[in-house]
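The structure displayed is predicted, hence computed values, not measured ones. In what follows, chains are A, B, ... by sequence order, proteins preceding strands, each numbered from 1.
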2 protein chains.
Amino acid sequence: MSANKAGRKASMGDVAAAAGVSKTTISRYLHGEFGYMSEQTKAKIEGVIKELGYRPNKMAQSLKATVSHMVGVSIADMGNPFSSLLIKGIQEECRARDVQLLVSDSNNQPTLERANIESLLDAQVDGLIVNTVGNNDDWLVRFHDRANRKPVVMLDRIVLPLIYDSVTNNNDAAVREMLEYLKGQGFAYVVFVMRPGEGISTRTARRQAVERYCDDLGLGGEVLVYDDGIDGLRSRIANLLELCGNRKTCLFANNDESMRDILEATSAGLRRHVGVCSFADEHWAKYSGPGITCLDQEPMLMGRRAAQKLFARIYDGSEEPCSLDEVPARLCIFASTEI
Amino acid sequence: MSANKAGRKASMGDVAAAAGVSKTTISRYLHGEFGYMSEQTKAKIEGVIKELGYRPNKMAQSLKATVSHMVGVSIADMGNPFSSLLIKGIQEECRARDVQLLVSDSNNQPTLERANIESLLDAQVDGLIVNTVGNNDDWLVRFHDRANRKPVVMLDRIVLPLIYDSVTNNNDAAVREMLEYLKGQGFAYVVFVMRPGEGISTRTARRQAVERYCDDLGLGGEVLVYDDGIDGLRSRIANLLELCGNRKTCLFANNDESMRDILEATSAGLRRHVGVCSFADEHWAKYSGPGITCLDQEPMLMGRRAAQKLFARIYDGSEEPCSLDEVPARLCIFASTEI
DNA sequence: CTGTTAGCGCATTCAG
DNA sequence: CTGAATGCGCTAACAG
């Protein structure tokens, strides 16, 4: 079992030659068109294929066809459990459709994101799922107008107005649910803690929701944006809690990362009437510190939804206008807010 | 800017026609062979390419060439922060070499792993990085003997004897380091806690190391294999600690997953003379429960090493005999063992 | 300085 | 029931 020419793998031509038939016949065999094929040649071909360990070359198939059965995903930051779950979800759908997944990490840099998308297209993917790093909307909007553009689905972070199919959390409603729960727990003041998030849709959405619903619910609230490391955060939090006096206050982290930063910044242990909650993965939040009440975003489900939307357009010929799917976040209650 | 035939993207032929030259000239232009090219046609081509938004089709290039500039990675379980960091590391090297990365998740099933590897090969990847699910060694060994086999690097989990290039942790030495540290802390008994791990190289390596070095160091020790959920684990641990009496005992988890299971199983809070440590990511261990002392495996570094080894073989023509790179795990000390 | 030709591995008419 | 011929987009001799 092997190849003949220059150490290459056996090709259809090799099989044809070995079986003493034409390439056409092999092709027909592979596509199950036995209708008018003699049992003899069929058996012969089967034998030769096994003998040579022949497998059709998908690249060559794609070159002729209009589809490659490959899709690309550009991920903002792969080193993030959230991202890996998005990809796991996407991957599940890919497996179901026998599609290959090309993954690129943008490392939070818009420049890389653009380069990655171009590279994926050069590799002839049939479509793209983009978890944008943010601050790349202008380019993404221009990209939308390109001729012969491949289908794109935005994942978790979106571009407005809605020019692409998108999947995200119900950020607004989730924030409201959390604030209502906190109010029920007797909290009087909420501090939303986040890294700078201009240009990242989820952050602004959540920030605005916090501001709005704190008002609606009669909660005191503010947004704390930090960009100066753990020590900076520590002193800001300390100041802030000072001002709060003995109002029951909750720190609400924008994501896992900020949640960990809060835990580190407050490790001296200034809890008393101070709660903590976060957008975060339930499995990790549950065992972080005392157990952190969280909004789990169900990233795997989000990934699957995004892939489904993409495949519908690519392979099922869907022509629907683009739409936004909101995956509801799950409120998971642990000890950090039961004070 | 657009295509002409059937909505396809502009091809080299289209560019050639529009520029009034032959495809060869375009090809030369693209490869920077301006040596004998008139400034005129050069300028003309440049204009047309921009006009048409032409980009060369990598698939077509690969069809002729002997390399595709794509590599595949088969990952045991994508839904695992460890895995995502492995991939992030691999991805970094891919970017540096302008290689596309195809990712497949085996969801811990050997059957899927085999199918994924075959699919990746069908897509014409130049090589593979395999983070095996375990219990697939027979197949992997047979695979090794295939004609025209593509280069393979095993990542984190290895196959013995060493027939593939491999990257793993220094499991044996790391376990020893941890046990020595525990002894220094006054622990007298160590329980290595793991899910069943027959057929997974890292688990057996660690398990054996624990058994050996406990003896060497004069520590009491045993291995606790659990497969019956949190409640099962809880009662096993309780029994076990009962037997230990008041010897200072440490639970040593095989990975993040078992670490979380231990935290859940002991959430009732039976710590006193009981410590906890684990193979785990520093960032997560630090904020888990009281802060869990851990061996951080540096998965990103592992991923990079694996990719480097693979690329050396594929693109630099390395012919070295296959070898094992051991990435040292870092001991990170937190509160859980400072008792 | 540029074009012609052939072929990578496969699918697809069309003609037996 | 089967095969020859053509072309997908690109590269690489080989001729001019």
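Contact between the side-chain N/O atoms of Ser27(B) and the OP1/OP2 oxygens of dC10(D) is not found at any separation under 4.0 Å. Within the 4.0 Å cut-off from OP1 or OP2 of dT11(D), not a single side-chain nitrogen or oxygen of Thr24(B) is found. Residue Gln61(B) places at least one side-chain N or O under 4.0 Å from the OP1 or OP2 atom of dT11(D). Listed pair Tyr29(A) / dC10(C) fails the phosphate criterion, with no side-chain N or O lying under 4.0 Å from OP1 or OP2. Applying the 4.0 Å criterion to OP1 and OP2 of dG3(D), one finds that Thr25(A) has a side-chain N or O inside that range.
The aromatic rings of Trp139(B) and Phe143(B) sit parallel to each other, their planes meeting at less than 30°, with 60° as the upper class boundary.
You'll find that the side chain of His31(A) is closest to dA11(C), out of dT2(D), dA11(C), dG9(C). Residue Lys64(A) places its side chain closer to dG7(D) than to any other of dT12(C), dG7(C), dG7(D). Out of dA11(C), dC10(D), dG3(C), the shortest distance to the side chain of Arg28(B) is found at dG3(C). Among the nucleotides dT2(C), dC10(D), dC10(C), the one closest to any side-chain atom of Thr41(B) is dT2(C). Of the candidates dG9(D), dA13(D), dT2(C), the closest approach to any side-chain atom of Met37(B) belongs to dT2(C).
Rounded to whole Å, atom P of dG9(D) lies 17 Å from atom NZ of Lys58(B). For the pair Ile45(B) CD1 and dC1(C) P, the computed distance is 13 Å after rounding to whole Å. Across the protein-nucleic acid pair, His69(A) atom NE2 and dC10(C) atom C1' stand 14 Å apart, rounded to whole Å. Whole-Å rounding puts the Ile26(B) CD1 to dA12(D) C1' distance at 16 Å. Regarding Asn57(B), its CG atom lies at a distance of 7 Å from the P atom of dG9(D), rounded to whole Å. Residue Lys23(A) contributes atom NZ, which lies 10 Å from atom C1' of dG7(C) at whole-angstrom precision. One atom, CG of Leu63(A), and another, P of dG7(C), lie 17 Å apart when rounded to the nearest Å. One interatomic measurement links the two molecules: CD of Glu33(B) to C1' of dC14(D), which rounds to 15 Å at whole-angstrom precision.
A salt bridge does not link Lys150(B) to Asp126(B): none of the charged nitrogens lies less than 4.0 Å from a carboxylate oxygen.
Side-chain atoms of Ser38(A) stay outside donor-acceptor range of the base of dT2(D), with no qualifying N/O pair under 3.5 Å.
Remark: side-chain polar atoms of Glu113(A) are paired, donor with acceptor, to backbone N or O of Val133(A) under 3.5 angstrom. Checking side-chain atoms of Arg305(A) against main-chain N and O of Thr168(A) turns up no donor-acceptor pair under 3.5 Å.
Projected onto DNA chain C by closest heavy-atom contact, Ala60(B) and Val21(B) fall at different nucleotides, the more 5' of which corresponds to Val21(B).
Among the heavy atoms of the strands, none lies under 4.0 Å from Ser62(A).
In this structure, Val153(B) and Tyr164(B) have side chains that are not in contact, with every pair of non-hydrogen atoms separated by 4.5 Å or more.
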